[in-house]
Amino acid sequence: MNLRTEFQKRFGFDGDIREYFAPGRVNLIGEHTDYNGGHVFPCSITIGTYLVARKRNDRKLRFYSENFPELGIIESSLDQFCPNCHDNWKEYPMGMMWTFEQHEHMLSSGYDLFYYGNIPNGAGLSSSSSIDIVTGCMLADMNDFKGITSVQLALLGQYAENHYNGLNCGIMDQFAIANGKKDQAMFLDTATLTCEYVPVQLKNAKILIACSNKKRALTDSKYNERRGECEEALAQIQTIKDINSLGDLTNEEFELVSHVIKRPVCVKRARHAVAENQRTITAVTALKDNNIEEFGKLMNASHISLRDDYEVTGIELDTLVEEAWKCPGVIGSRMTGAGFGGCTISIVEDAYIDQFIENVGNAYEKKIGYAADFYTVEIGDGARRLS
Ligand code: GLA
């Protein structure tokens, strides 16, 4: 499919038409740590969202998505922002436009916009953040907002999710999508936004994603609930220890202060946040030392903590991971992203990939009643203008 031609079919030929791309992301380890001042270790992937765009002479906005052709061209305008309306997919780009204006980057004109994403819907590979960031990349470029760095673009994307779309997410997804580099993962300290790029060289193995295909309706409310539980735990710990976030604590320090957390459920949530952060730091060292086996073990431990303490896995993700653990050639396997559905990530030796897909796929379908999808991941560059 030639996206420019598809744009022109719907919106005509004239004017300055530009193309942009923003990837999806997958997180190798460090889950639910990004809103707890901890570390994450994501990478951007080669699939993502394409955007073809042209400025208009009026304040109208016209959106078309090749992923929702049944909705046709959706019309709106720069005077029709509606935070938390959750109307349809156009709320993501509109959230980004609104956010630009909230930050004094005023938009003088509307746009004709054609989107196409090749991230599977609801796969947990951050398709919505990818739409946010590709839109932001376009707005910054089309309006010559030169001062906006890719880190600021990520922060604007997070602001849009938090304040326009009602998801209290951390910075991981937007940061990874805006700043990714081919064949490297980002070791990001979310407390300071210091980022170290680490090459991902897996020699005879690949990163495999298994998408659960579970419909995720409750994600947002459960996600915000987990965040609230962590904040409650932090506030109670702060009555006896001077810390800024759960990410400031080692496992030992946490055990010494956890008695002040009143609700047992909050103890579990905070224990995960602290342990996962420490695990992520250890895992990155292991990867740098080429100790893939250790990295894999930490991935497995991450899943157990997300299953038992954070309780965001569910039968679908647990089945995918627990079946993966039984397969030969599997170095590590865990859920990735927010959880409650979405996907798992496994490091699998090349020689065993076909067998993995067959074994895990069959066991999953037998137990869950529908099929999972499998993809090998390639790590690609972050958001950018294409032409
Ligand atoms: C979602 C959020 C991220 C992060 C992950 C869990 O992807 O958008 O900010 O919290 O969940 O690690």
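Indexing begins at 1, ligand by ligand and atom by atom, following the structure's order. Computed from a predicted structure; not experimentally measured.
Atoms of ligand 1 lying under 4.0 Å from any heavy atom of Gly337, numbered from 1 in the order shown and given with element: 6 (C), 11 (O). Contact atoms of ligand 1 toward Arg25: 7 (O) (distance under 4.0 Å to a heavy atom of the residue). Residue contact check: Gly170 has heavy atoms under 4.0 Å from atoms 9 (O) of ligand 1. Listed by number with element, the atoms of ligand 1 under 4.0 angstrom from any heavy atom of Glu31 are 6 (C), 12 (O). Shown in contact with Tyr223 at under 4.0 Å from a heavy atom are these atoms of ligand 1, numbered in order with element: 1 (C), 2 (C), 3 (C), 4 (C), 9 (O), 10 (O), 11 (O). Counting the atoms of ligand 1 from 1 in the order shown, those under 4.0 Å from a heavy atom of Met172 are 4 (C), 5 (C), 12 (O).
Of the N or O atoms in His32, one or more lie within a sub-3.5 Å distance of an N or O in ligand 1. In terms of polar-atom proximity, Tyr35 is not counted as a contact of ligand 1, lacking any N or O under 3.5 Å from an N or O of the ligand.
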task = Show your working on salt bridge (charged side-chain N to carboxylate O under 4.0 Å, His left out) between Arg334 and Glu31 and close with a plain yes or no.
result = CA-CA 10 Å; Arg334 57 181 287 273; Glu31 219 64 82; 2.6 Å; yes
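Using a 30° and 60° split on the angle between ring planes, Tyr35 and His32 fall in the perpendicular class, above 60°. Classified by interplanar angle (parallel below 30°, tilted 30° to 60°, perpendicular above 60°), the ring pair Trp325/His303 is perpendicular. In this structure, His272 and Tyr310 have tilted ring planes: the angle between them lies in the 30° to 60° band. Ring pair Phe145/Phe100 is tilted by interplanar angle, where 30° to 60° counts as tilted.
For Phe356 and Tyr352, the distance between ring centers is not under 6.0 angstrom.
A side-chain N or O of Tyr115 and one of Thr135 form a donor-acceptor pair less than 3.5 Å apart.
Not close to ligand 1: Glu276, with no non-hydrogen atom less than 4.0 angstrom away.
Across Ile243, Val274, Ile237, a single residue satisfies side chain to side chain contact (heavy atoms under 4.5 Å, CB included) together with Asp248, and that is Ile243.
Annotation: atom 3 (C) of ligand 1 to nearest protein heavy atom, Asp34 OD2, 3.3 Å. Nearest to atom 8 (O) of ligand 1 among the protein's heavy atoms is Asp173 OD2, 2.7 Å.
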